[in-house]
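Each chain gets a letter, A, B and so on, in the order the sequences are listed, and its residues count up from 1.
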Number of protein chains: 2
Amino acid sequence: MNLVVGLIGGLGLLALIMALFFRQRVLAVKIEDGAANPEELLRLKEISSAIAEGAMAFLSREYRVLSIFMALFAVVIAATVQHGLETAVAFLIGAGTSVAAGYIGMRIATVGNVRTASAARESLQKSFRVAFESGAVMGFGLTGLAVIGLILVWLGIDSLVPGLTAEQQMEILSGFGLGGSAVALFGRVGGGIYTKAADVGADLVGKIEAGIPEDDPRNPAVIADNVGDNVGDIAGMGADLFGSVAESTCAALVIGAVGYQATGGTDLNILLFPMLVNGIGIVASILALPFVRATQEDKVEGALKNALIISTLFMLVALYPITMWAFGNNTFMVGTVTVAAMGVYIALAVGLIAGLAIGLVTEFYTSHRYKPVREVADASKTGAATTIIYGLALGYNSAVIPMLLIAISVVVGYTFAGMYGIALTAIGMLGTIAVGLTIDAYGPTSDNAGGIAEMAQMGKDIRTRTDALDAAGNTTAAIGKGFAIGSAALTSLALTSAFLTRAQTGGNTLSLEITNANVLAGLLVGGALPFAFSAMTMKSVGKAAFAMIEEVRRQFRTIPGLMEGTAKPDYAKCVDISTAASIREMIAPGLLVILTPLLVGFLFGVQMLAGVLIGSLVVGVMLAISMANSGGAWDNAKKYIETGVHGGKGSDSHKAAVVGDTVGDPFKDTSGPALNILIKLMAIISLVFAGAFAANGGILLKMFK
Amino acid sequence: MNLVVGLIGGLGLLALIMALFFRQRVLAVKIEDGAANPEELLRLKEISSAIAEGAMAFLSREYRVLSIFMALFAVVIAATVQHGLETAVAFLIGAGTSVAAGYIGMRIATVGNVRTASAARESLQKSFRVAFESGAVMGFGLTGLAVIGLILVWLGIDSLVPGLTAEQQMEILSGFGLGGSAVALFGRVGGGIYTKAADVGADLVGKIEAGIPEDDPRNPAVIADNVGDNVGDIAGMGADLFGSVAESTCAALVIGAVGYQATGGTDLNILLFPMLVNGIGIVASILALPFVRATQEDKVEGALKNALIISTLFMLVALYPITMWAFGNNTFMVGTVTVAAMGVYIALAVGLIAGLAIGLVTEFYTSHRYKPVREVADASKTGAATTIIYGLALGYNSAVIPMLLIAISVVVGYTFAGMYGIALTAIGMLGTIAVGLTIDAYGPTSDNAGGIAEMAQMGKDIRTRTDALDAAGNTTAAIGKGFAIGSAALTSLALTSAFLTRAQTGGNTLSLEITNANVLAGLLVGGALPFAFSAMTMKSVGKAAFAMIEEVRRQFRTIPGLMEGTAKPDYAKCVDISTAASIREMIAPGLLVILTPLLVGFLFGVQMLAGVLIGSLVVGVMLAISMANSGGAWDNAKKYIETGVHGGKGSDSHKAAVVGDTVGDPFKDTSGPALNILIKLMAIISLVFAGAFAANGGILLKMFK
């Protein structure tokens with residue numbers, strides 16, 4: 001076996017071993033040690049298994065719906081795409097791997113949450129460690145699966161389908177990315193609707209109408225709410241970032257293969273270099289782990305942020321020798337740009353640094369330690385309306401610098417390595433994804449731990465500790481969302497370039513001038529898509545939340561003794577409502593995203609589709625970042641007021657802030673994050689079908705000619 | 001004199017005569033006839049002159065600031081642009097005409113408002129007629145000024161600056177459009193901040209805290225609120241649409257001149273055709289007037305809508321023979337497309353129809369007779385948060401069809417007449433602008449009439465009549481906003497094409513592929529601008545409103561007998577606060593819009609600037625339409641609840657709806673409409689400086705090469 005192939009496979013395996021290692025450590029924590037008495041132990045076990053069952057029930061229903069869809073889509077791919085059968089197989093493997101990744105994340109999160117709660121009795125430090133290591137199982141597990149999946153599928157193509165050019169190999173491999181991303185679409189949208197329907201329903205009736213605290217066991221929607229954290233923020237987010245890694249790598253592989261081949265390359269080091277970068281990221285992430293330590297409550301956020309900064313620094317250093325080794329003095333041409341080792345390193349470094357910078361900007365706009373969130377909190381003194389106006393303005397503002405950073409990445413990446421460079425900036429930004437995912441998954445796990453502590457009545461000191469862990473998770477979640485959308489933007493650009501490269505092979509060049517009427521119309525139509533999609537998902541949350549509100553009200557009304565705590569609510573009914581609503585509501589936005597590129601490509605052709613992809617990217621990125629950050633800021637403005645300022649909990653300011661927080665829920669956890677997938681998925685669908693569009697696309701326009 | 005020149009001038013003059021005629025009719029209405037007694041007459045006169053004084057005070061302070069800025073900008077133009085001196089003169093004439101247009105609108109609105117109120121004592125019909133004819137003074141006055149201004153400046157250039165090509169003439173003429181648009185920027189932004197600071201301040205303290213009705217004379221901010229309607233919705237909106245007419249015509253003239261010249265044209269019918277279309281629109285608008293009649297309260301909205309539909313039909317018919325006459329069998333080339341009479345007519349017709357369709361879609365999304373607004377009203381039953389979520393989703397959705405209509409206009413316009421066709425769709429959409437403006441100006445005039453009736457204590461029956469007029473005005477205002485943004489989008493596209501045509505003359509062709517890194521970075525940066533701009537203007541409204549809230553609270557607290565009605569509030573202080581705040585806050589967003597194209601053009605060059613223009617267009621249009629319609633829908637959802645549904649006035653649903661309405665205020669009257677100008681102004685600045693950018697632009701990028 002070739003050295004680089006072995007290296008990539010080995011690094012992927014290393015990630016999986018790390019994931020197993022952390023899983024063992026989490027499972028070694030005994031729930032019994034943290035329970036004050038047998039009754040509390042019983043409650044802990046009961047509650048956590050109710051959450052785990054709800055989460056698994058959702059996943060299996062979602063995946064059942066998905067499997068039908070995936071089978072149909074595989075048939076379409078097999079029938080219309082060149083090397084269709086091979087691509088369809090790669091697609092199904094990608095989808096399967098993504099499903100497996102979702103399961104892994106969900107499994108560990110639903111055992112990690114209760115262990116985080118029980119460990120909180122011993123110390124904050126231990127509790128933090130359990131939540132962090134639960135997250136690490138997902139971080140390393142998913143990254144490992146992505147790397148191993150990519151290299152194995154490539155090996156399979158290379159050995160089972162002889163006679164292909166490198167370019168054709170990579171096109172088939174793109175099916176793997178498409179599979180991962182298609183699962184992510186439904187995971188993000190379905191999970192996002194689930195979690196917010198439950199959250200809004202639980203809050204509006206429980207907190208506001210009945211006046212009981214968050215996570216109170218008397219609230220019928222409380223289990224659904226905690227299940228939601230897992231299905232939305234663990235499974236959905238995991239599938240999203242798994243997709244980003246797979247897709248950005250595929251984009252770089254396709255673009256790289258074209259240039260590599262044209263210059264007669266035979267060196268696998270160069271061809272497979274993008275996968276190698278993923279592998280190196282695993283090492284950098286592992287090396288950063290020893291630096292993560294939180295001994296005091298106010299050090300948690302810093303510890304998590306340090307993990308990100310340190311892994312970025314390690315990556316920056318490690319990439320240099322690896323890039324030099326892989327490329328040596330070799331060069332190849334991408335378009336009119338000569339790609340060489342130094343240019344490749346610069347493109348990767350720019351992406352890596354831009355990612356960290358986007359994360360830090362996001363933190364500035366969403367943490368209540370800084371001015372923007374405090375302004376929103378101030379605005380709550382004059383009521384809900386000004387809270388909303390200031391929160392929206394904050395979101396709009398917060399998207400500006402990230403957008404400029406993305407623009408700079410594009411220009412620098414392109415200048416030093418052409419279109420390949422743009423793809424590399426995306427890979428660079430995702431370089432430390434194992435740590436990024438770890439931190440992301442840490443958040444909902446500690447959130448759940450807090451919920452479990454409350455429901456199991458573990459006592460106020462335990463809750464204080466889990467709250468500290470959770471608060472840090474809120475800010476890092478916002479950072480994670482910044483990363484996710486930034487990398488989605490670059491990934492999508494890279495995929496779009498790969499698509500256009502592919503659609504124009506064979507001298508079939510097209511004008512893609514922005515003044516061309518088809519391109520222009522595409523840009524306008526593409527710009528409308530994120531708005532249509534967000535409107536759909538926001539209204540879906542609203543509809544599902546209404547159903548939840550009615551059910552919770554009904555239970556409070558009809559179950560005697562519920563408010564007094566002598567009777568138990570029907571948790572399962574609320575879990576059912578969220579599950580059914582989210583599965584039903586994810587279909588329409590899902591089809592919008594999948595059918596748009598297919599319809600535009602086949603009916604109006606490649607020019608308009610190119611416009612649609614870029615138009616939806618520009619609008620989608622702005623909308624996604626602003627929604628995520630408005631939501632994060634409202635959440636933290638409310639938390640800031642709860643520390644006692646502006647009258648504290650229960651004051652009019654607090655009530656205004658709660659309105660902001662509720663508006664922010666679908667913004668930051670449903671519509672915003674789902675836009676990542678919109679822009680990536682449309683681009684990778686275009687890439688996979690590029691040949692078919694080039695050959696048979698634009699039927700409608702041809703009719704009028 | 002040439003026939004077509006005389007025809008254009010004559011039609012412009014006809015519009016001015018119509019404006020004078022309607023002015024006489026409005027002034028002939030005696031305030032005395034409507035006053036029940038001398039005391040009421042005194043109050044009517046006192047209040048209306050307070051509003052008129054406040055409005056004029058704002059205008060003169062605004063124009064004083066503007067004149068410094070305009071002088072500076074004229075110097076920059078004279079120094080950097082080819083034929084700089086001539087262009088600077090055209091710029092100053094355009095700015096001056098726009099200022100005059102603002103004054104005319106404001107003068108008539110501030111005498112029409114009190115006459116509308118007093119005529120309401122006689123009958124609804126008469127009151128409607130006064131408000132409508134006040135609007136018509138502005139509608140015909142502005143259109144006439146635009147047409148006469150354009151033809152006179154062209155005649156001036158043609159006779160005073162000999163030896164110019166037609167293309168050079170039209171480039172100088174673009175200075176006129178730039179002048180009009182630059183004034184509009186500050187008018188829209190300043191006026192928008194003024195009106196909403198006063199409105200939000202008056203509502204939050206008066207309606208919510210003190211519990212007194214809207215327009216209650218005890219509210220210290222009530223005069224400022226009524227002044228705001230005039231400075232925002234009359235002067236600001238008028239300057240905006242005056243700019244659109246001038247700019248779209250300039251864009252068509254520039255693009256047309258290039259083709260006209262290349263094919264050796266000498267026929268002024270063809271060269272000046274875009275101005276002729278404006279002139280024909282005046283005739284179509286006049287012919288529609290006899291059909292406008294409102295005898296009953298529920299017929300008002302229909303009467304206004306009919307005026308629009310009928311004038312569109314007349315225009316559609318009239319344009320055909322005129323186009324055939326003007327073009328005959330002549331053809332010229334624009335890019336690769338041959339432009340002939342039929343293609344020209346189709347492009348104009350598509351724009352005209354698309355404009356009407358956008359208007360009707362807007363009505364569907366903002367009138368409470370249809371489902372979308374009723375859904376928002378339903379959502380208010382579960383509180384402010386769901387009201388906001390549904391209203392935002394409605395806005396997002398409402399922008400989708402207009403965007404598709406714009407995309408269709410672009411494709412059809414381009415197919416039949418190339419880039420010239422895109423400019424013609426914009427002119428077509430603005431074809432019935434005299435009627436459109438009439439209806440737009442009708443709204444704030446009847447809104448003011450209601451305020452005056454309330455403040456002068458004219459009695460409930462009078463107020464009911466003015467309320468009916470006002471309610472119809474709300475919906476037609478939304479329709480007008482749809483038109484304004486739709487035409488702004490097409491105008492901006494036409495200007496961008498004209499800019500790119502100009503920047504590439506002399507074999508200096510540039511790649512404008514959307515995959516070019518500079519273009520792509522431009523698209524991303526451009527996409528960020530509308531968000532940055534909206535954030536600025538929203539926060540400006542918030543800041544100014546806070547100052548107003550504090551002042552109103554202070555007066556309620558410190559003026560004894562104010563609540564009892566025995567002492568008068570200090571209206572002037574509130575007018576001052578709004579004036580000062582709006583003048584101060586308009587500077588920063590104004591500079592953002594003006595400096596961006598200059599900096600990008602000179603530092604990064606034409607490619608990136610092209611991207612910036614298109615990127616900001618795509619994002620700006622979506623954001624502008626969604627903001628305007630969310631705002632309109634919240635306003636009407638509140639009004640719908642006030643008819644008695646969901647508990648009616650004072651219920652919890654109503655309170656939630658008021659929050660929505662307050663959030664919507666800066667959306668629909670400040671940030672949303674100001675985005676029109678953002679996209680148009682950046683494009684026309686680029687056009688005027690095109691030659692300079694082509695020759696000396698991109699300094700920073702050249703340094704790195």
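Of the atoms belonging to A:Ala489, not a single heavy atom falls under 4.5 Å from chain B. Of the atoms belonging to B:Ile401, not a single heavy atom falls under 4.5 Å from chain A. With a 4.5 angstrom heavy-atom cutoff, B:Leu617 touches chain A only via side-chain atoms. Contacts between B:Ile549 and chain A at a heavy-atom distance below 4.5 Å involve the side chain alone, from C-beta outward. Both the backbone and the side chain of B:Ile389 come within less than 4.5 Å of a heavy atom in chain A. Within the 4.5 angstrom heavy-atom criterion, no atom of B:Met536 approaches chain A. If you measure heavy-atom distances from A:Leu493 to chain B, the contacts under 4.5 Å come from the side chain alone. For B:Val519, the part lying under 4.5 angstrom from a heavy atom of chain A is the side chain only. For a residue to count as touching a neighbouring chain, one of its non-hydrogen atoms must lie under 4.5 Å from one of that chain's; by this rule B:Lys655 does not touch chain A. Contacts between B:Thr515 and chain A at a heavy-atom distance below 4.5 Å involve backbone atoms as well as side-chain atoms.
Contacts with chain B were tallied for A:Ala407, A:Gly542, A:Ala535, A:Ala384; A:Ala535 has the most, counting heavy-atom pairs under 4.5 Å. The residue among B:Val659, B:Val400, B:Val410, B:Ile514 with the most heavy atom pairs within less than 4.5 Å of chain A is B:Ile514. The candidate with the highest count of non-hydrogen atom pairs below 4.5 Å against chain A, out of B:Tyr390, B:Tyr414, B:Phe533, is B:Tyr390. Interface summary for chain B: among A:Val541, A:Asn516, A:Leu392, the most heavy-atom pairs under 4.5 angstrom belong to A:Leu392. The residue among B:Thr662, B:Leu520, B:Leu404 with the most heavy atom pairs within less than 4.5 Å of chain A is B:Leu520.
Contact between A:Ala657 and A:Thr387 at its shortest, heavy atoms only, is CA-CG2, 4.4 Å. Shortest non-hydrogen contact noted between B:Ile625 and B:Ala399 is CG2-CA, 3.7 Å. Scanning both residues, B:Leu512 and B:Ala610, for their nearest heavy atoms gives CD2-CB, 3.9 Å. Across A:Ala521 and B:Val411, no two heavy atoms sit closer than the pair CB-CG2, 3.4 Å. B:Thr425 and B:Ala347 make their closest contact through CG2-O, 3.3 Å (heavy atoms, listed as atom of the first residue, atom of the second, distance).
Among residues at least two apart or in separate chains, there is no salt bridge (charged side-chain N to carboxylate O under 4.0 Å, His left out) pair with a member in residues 400-409 of chain B.
Each of B:Leu700, B:Val525, B:Leu609 was evaluated against B:Phe604; a single residue qualifies, B:Leu700, per the side-chain contact (heavy atoms from CB on, under 4.5 Å) test.
Judged purely by atom type and a 3.5 angstrom limit, A:Ser630 uses its side chain to pair as donor or acceptor with the backbone of A:Gly391. Counting only distance, with no hydrogens or angles, the side chain of A:Thr382 and the backbone of A:Ala379 share a donor-acceptor pair below 3.5 Å.
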Start with the C-alpha gap between A:Trp634 and A:Leu394, add the side-chain angles, then the distance that decides, and say whether side chain to side chain contact (heavy atoms under 4.5 Å, CB included) holds.
CA-CA 10 Å; A:Trp634 278 317; A:Leu394 176 145; over 6 Å; no
